[in-house]
Amino acid sequence: MNRIISPSLLSADFGNLKADCEMINASEAAWLHIDVMDGSFVPNISFGFPIIEAVKKHCTKPLDVHLMIVHPEKYIKRFAKAGAEILTFHYETVDNPMEIIEMIKAEGIKVGITINPDVPVNVLEPFVDKVDLVLLMTVFAGYGGQKFIEESYNRIDELREMIVRKNAHCVIEVDGGVNLQNASKLFEHGVNVLVAGSAVFNTANPIETIKDMLNR
Ligand code: DX5
Ligand code: ZN
C-alpha cells in the first residue's frame with residue numbers, strides 16, 4: 001500500500017474550517033483524520049455530527065474518523081451517514097469488538113480498531129484479519145500536541161509481525177506526536193498511514209509540510 005498522510009482536523013482553525021478543507025483538498029493528504037472525543041473515555045471533548053457534516057460538504061478526501069467514545073455501537077449509523085468512510089473504534093470501549101466490526105462493515109464503510117499505548121498489542125490478534133485498519137496510538141488518546149512515545153516502534157514491529165503471521169491485509173496507522181523528524185522511521189517500520197495534527201496545521205505552509213512528510 002502507498003504511504004498516506006491523514007492530517008488531524010483537531011489542530012485546524014475551527015473558525016475557518018472551509019479554508020482548511022480546501023487546503024487539504026489541494027494537498028497530497030489522502031485522508032482527513034477526524035477525532036471524536038466524548039469527555040468520558042478521554043478527558044477531553046472535541047466535536048460531533050454537525051462539524052463532520054460541515055466538513056464533508058467541503059472536503060473531497062475520505063474522512064478517517066477516530067472515535068474516542070464509550071458506546072460507539074450507538075452511533076455507527078450516524079457516523080456513516082455523516083460521511084465517515086473509515087470508522088475506527090477503541091478496543092477498550094466495547095465488550096465485543098467483533099460485533100462492532102460487523103456493525104461498521106454493514107454500513108458499507110471501512111472499519112478500524114485502535115488501542116491506547118498501555119494496551120498489549122496481542123489483544124488485537126483475533127481482529128487483524130477482520131478489519132481494514134489497525135490504529136496504534138503513539139500518545140494517550142485525548143489531546144493533540146503530545147510527545148510521541150518512543151516505545152511505540154516495538155509495538156509497531158509486533159503488530160506488523162502479527163499481520164504477516166495471520167496473513168491479514170489491514171493497514172497500519174499511527175496517531176500522536178507524528179512529525180517531520182519521526183515520519184521516515186515510522187514508514188521504515190511498516191506504518192502505512194501517518195496521522196499528524198499539530199505538525200501539519202501549526203506550520204507556515206501545511207501543503208508543503210504534508211508533501212515533505214510523505215517523502216521523508
Ligand atoms: C489524540 C488524537 C490525535 C491528535 C494528534 O487523541 O487522536 O489524532 O489530533 O495530534 P498531534 O499530531 O498533534 O499529536
Ligand atoms: Zn486521532
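Keep in mind that this is a model prediction, so the values were computed, not measured. Just follow the structure's listing: the first ligand is 1, and inside any ligand the first atom is 1.
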Write out the residue and atom name of the closest protein heavy atom to atom 11 (P) of ligand 1, then the distance separating them to 0.1 Å.
-> G145 N, 3.6 Å
Do R78 and F49 meet the cation-pi criteria used here (NZ or CZ under 6.0 Å from the six-membered ring centre, within 45° of the axis)?
-> yes
Atoms listed for the Zn ion (ligand 2) (protein only, N, O or S, under 2.8 Å, no waters) are H33 NE2, D35 OD1, H66 ND1, D175 OD2
Could you tell me which atoms of ligand 1, counted from 1 in the order shown, lie closer than 4.0 angstrom to a heavy atom of M68?
-> 6 (O), 7 (O)
Heteroatom proximity flag, G177 to ligand 1, N/O under 3.5 Å | yes
Provide the number and element of each atom of ligand 1 under 4.0 Å from a heavy atom of H66.
-> 7 (O)
Report yes if G144 has an N/O atom closer than 3.5 Å to an N/O atom of ligand 1; otherwise report no.
-> no
Nearest heavy atoms of G190 and I172, plus distance in Å | O-CD1, 3.9 Å
Give a yes/no on ligand 1: does A196 have at least one heavy atom closer than 4.0 angstrom to it?
-> yes
State the atoms of ligand 1, each with its element, that fall below the 4.0 Å cut-off from a heavy-atom position in G176.
-> 14 (O)
Could you tell me whether F127 atom CZ has more than 12 heavy atoms of other residues or ligands within 6.0 Å of it?
-> yes
Heavy atom of D175 under 4.0 Å from ligand 1?
-> yes
Going only through I, L, V, M, F, W and Y residues with side-chain contacts under 4.5 Å, is there a path from M137 to V200?
-> no
of all protein heavy atoms, closest to atom 9 (O) of ligand 1 is S8 OG, 2.8 Å
Can you sort out which atoms of ligand 1 are near H33, meaning under 4.0 Å from one of its heavy atoms?
-> 8 (O)
Report the nearest protein non-hydrogen atom to atom 1 (C) of ligand 1: residue, atom name, distance rounded to 0.1 Å.
-> Y143 O, 3.5 Å
What heavy-atom pair brings L124 and L136 nearest, and what distance separates the two atoms?
-> CD1-CD2, 4.3 Å
Interatomic spacing from CD in E73 to CD1 in I100 - rounded to 0.5 Å = 4.5 Å
Under a 4.0 Å N-O cut-off, is there an ion pair linking K56 with E85?
-> yes
Subset of ligand 1 atoms that lie under 4.0 Å from at least one heavy atom of L10 = 9 (O)
Heavy atoms only: which of V200, D35, T138, L67 is nearest to atom 2 (C) of ligand 1?
-> D35
Note: ligand 1 atoms sitting under 4.0 Å from heavy atoms of M137 are 7 (O)
Would a hydrophobic clustering, with Ile, Leu, Val, Met, Phe, Trp and Tyr connected at side-chain separations under 4.5 Å, put F47 with W31?
-> no
N/O separation below 3.5 Å, G197 to ligand 1 | yes
Can you check salt bridge (Lys or Arg N to Asp or Glu O under 4.0 Å) on E107 and K77, steps first, answer last?
-> CA-CA 7 Å; E107 296 302 315; K77 273 189 185 301; 2.9 Å; yes
Residue among V131, L87, I86 satisfying side-chain contact (heavy atoms from CB on, under 4.5 Å) with K110 = I86
Ligand-side contact atoms (ligand 1) for residue partner M37, heavy atom cut-off under 4.0 Å = 6 (O)
D35-S46 side chain donor-acceptor pair, cut-off 3.5 Å | no
Same cluster (ILVMFWY, side-chain, under 4.5 Å), M98 and M162 | yes
Residue, atom and distance of the protein heavy atom nearest atom 13 (O) of ligand 1 read S198 OG, 2.5 Å
Evaluation steps, side-chain contact (heavy atoms from CB on, under 4.5 Å), between V42 and F140 | CA-CA 9 Å; V42 289; F140 281 87; over 6 Å; no
Give the atoms of ligand 1, by number and element, whose distance to some non-hydrogen atom of G142 is under 4.0 Å.
-> 1 (C), 6 (O)
Tell me yes or no: between the side chains of S11 and S198, is some donor less than 3.5 Å from an acceptor?
-> no
Taking the six-membered ring for Trp and the single ring otherwise, decide whether the centroids of Y153 and F148 are under 6.0 Å apart.
-> yes
